[in-house]
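As structure tokens, the structure follows; a few thoughts come after it.
Every chain is numbered from 1, with letters handed out A, B, ... down the list of sequences.
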2 protein chains.
Amino acid sequence: MAGAGTTTPRERYRAQVRAEVKERAWEQIATAGASALSLNAIAKHMGMTGPALYRYFANRDELITELVRDAYRSLADGVREARAAGADATGLAHALREWALADPQRYFLVYGTPVPGYHAPDDITAIASEIMGYLLDALNALDVGGDWVADCPTTPLDAHLADHRDWAGDHPAPPAVLHRALTFWTRLHGILSLELAGQFHGMGFDPARFYEAELADLSGRSTST
Amino acid sequence: MAGAGTTTPRERYRAQVRAEVKERAWEQIATAGASALSLNAIAKHMGMTGPALYRYFANRDELITELVRDAYRSLADGVREARAAGADATGLAHALREWALADPQRYFLVYGTPVPGYHAPDDITAIASEIMGYLLDALNALDVGGDWVADCPTTPLDAHLADHRDWAGDHPAPPAVLHRALTFWTRLHGILSLELAGQFHGMGFDPARFYEAELADLSGRSTST
DNA sequence: CCGTTTCGTTAGAGGCTATCACTAAGGTTA
DNA sequence: TAACCTTAGTGATAGCCTCTAACGAAACGG
């Protein structure tokens with residue numbers, strides 16, 4: 001019997017095949033989008049027949065869910081590492097942008113159009129709130145003196161968020177910081193998703209500069225008001 | 001030969017079948033997303049066999065493109081009407097939100113995850129810039145006295161936009177207004193797309209209030225700085 | 001009334017997901 | 001070593017899908 005931490009050859013082989021399937025899947029997704037992902041085509045690329053892959057993934061949905069999980073995980077790791085390297089909220093925003101540009105379809109797999117019936121498993125939503133946690137940390141750290149929060153007028157939305165802060169877990173950030181975290185997320189996502197979708201194509205301006213400008217606005221007002 | 005403006009019975013019938021196909025298509029899209037749209041299933045629902053529909057649409061892509069066109073058209077009409085009824089930029093934002101909530105999948109068809117290879121035909125991008133035109137009008141009208149633009153510091157991004165303003169056509173809006181139009185679009189889209197994608201699910205707060213808060217911020221700063 | 005155009009059908013190629021029964025190979029145990 | 005069990009991969013099959021081609025039938029227009 002295999003002790004904890006050891007792996008049998010069979011388990012190693014299994015893990016390797018699963019990894020190769022996912023690798024091919026990412027290639028397919030990058031070139032044709034997630035809806036065009038085909039287990040059959042992946043199998044043929046690997047020199048197998050279609051049904052063989054059902055030994056490794058219960059169905060197409062399970063493979064996609066696994067890819068979504070990996071994508072979330074890679075973003076969370078990137079953000080955590082940026083934070084560990086001393087990045088502030090702006091640094092996290094840059095990490096997000098680089099992660100998004102590196103593989104647009106991966107970004108869309110996480111933040112793009114959902115299929116109506118689908119509901120992500122709990123461990124994936126847990127990773128999502130882990131990412132939100134890093135953002136809250138970064139924004140909260142900007143406010144160590146408490147001066148920005150103190151100066152900040154209490155808006156009706158802040159009061160509302162004070163009553164609905166379950167999503168922040170037990171994070172100590174005050175409502176004004178929760179508010180800022182939401183604006184960070186939604187504003188950056190607004191730019192990134194439109195840019196990656198090609199909606200800025202033919203408009204001529206440089207999305208990176210616009211991103212920087214929004215970021216400056218997002219950070220600047222913590223000190224200027 | 002039918003004179004201009006008249007229609008033969010055949011043309012009427014054809015238009016009616018095409019309309020019914022699109023109607024069924026919207027139902028399918030609303031419940032299962034665009035990727036699950038099936039010409040075959042639509043035909044069966046209409047009491048026909050699958051291949052019959054190829055008399056009306058060259059292929060699946062053409063049907064989807066038609067739906068995208070209709071969706072854009074309906075948004076443009078809504079925004080134009082709101083503007084004609086005297087709505088300012090905030091009013092347009094409310095029109096956008098209602099249009100989005102009325103049919104989330106329709107919103108995603110227009111602003112959601114694109115298929116990597118796909119390129120929209122020119123008339124569709126023309127509708128997109130028509131919508132942008134209404135937004136520029138509304139934002140420009142806020143600034144009739146020119147005081148906000150005058151007070152507004154010329155940012156590097158504004159200078160950049162002054163050099164890349166092709167997308168605004170021959171609209172007289174100054175660079176600062178172009179900048180504001182971009183922030184309007186991207187910030188509102190950021191919230192709407194995440195909300196419709198269900199990313200706020202389980203977070204507890206009311207997205208409508210957050211939308212209002214962003215809108216207040218977007219409008220408020222035109223007078224406060 | 002008759003030719004022409006258009007519509008809808010069936011048949012079929014080729015793709016997909018997914019299940020099933022079966023073989024062949026690998027590991028385990030007596 | 002031999003018997004056994006587990007697992008990987010196969011072909012066959014069902015049931016979807018898109019899309020093409022050929023054929024009958026209906027409707028239109030002169």
Listed pairs under 3.5 Å, donor-acceptor, residues 32-47 of chain B side chains, sequence neighbours left out:
from, atom 1, to, atom 2, distance (Å)
S38(B), OG, N40(B), N, 3.3
S38(B), OG, A41(B), N, 2.9

Show the distances under 3.5 angstrom between N or O atoms of the protein and N or O atoms of nucleotides 13-15 of chain D.
none

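- Residues satisfying the side chain to side chain donor-acceptor pair (under 3.5 Å) test with R97(B), not counting sequence neighbours, are E195(B).
- For the contact set between residues 35-68 of chain B and DNA chain C, defined by any heavy atom under 4.0 Å, the members are G47(B), M48(B), T49(B), P51(B), A52(B), R55(B), Y56(B).
- Between Q28(B) atom CD and dC17(D) atom C1' there is a gap of 12 Å when expressed in whole angstrom units.
- For the residue pair S219(B)/T90(B), the side-chain donor-acceptor check at 3.5 Å is satisfied.
- Looking at residues two or more places apart in sequence or on another chain, you find a ring-ring contact (aromatic ring centres under 6.0 Å, His included) between H160(A) and H164(A).
- Considering only residues two or more places apart in sequence or on other chains, R83(B) meets the salt bridge (Lys or Arg N to Asp or Glu O under 4.0 Å) condition with none of them.
- Residue Y13(A) has a polar side-chain atom (N or O) positioned under 4.0 Å from OP1 or OP2 of dG9(D).
- Across the protein-nucleic acid pair, R14(B) atom CZ and dT6(C) atom P stand 9 Å apart, rounded to whole Å.
- Taking the side chain to side chain donor-acceptor pair (under 3.5 Å) definition, one finds that Y107(B) meets it with H189(B), sequence neighbours left out.
- With sequence neighbours left out, the ring-ring contact (aromatic ring centres under 6.0 Å, His included) criterion links F200(A) to F205(A), W185(B).
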Show me, pair by pair, the donor-acceptor contacts under 3.5 angstrom made by side chains of residues 112-123 of chain B, not counting sequence neighbours?
from, atom 1, to, atom 2, distance (Å)
T113(B), OG1, T113(A), N, 3.0
T113(B), OG1, T113(A), OG1, 3.4
Y118(B), OH, T65(B), OG1, 3.1
D123(B), OD1, R69(B), NH1, 2.8
D123(B), OD2, R69(B), NH1, 2.2

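- Between R10(B) and the phosphate of dG29(D), there is no side-chain N or O to OP1/OP2 separation shorter than 4.0 Å.
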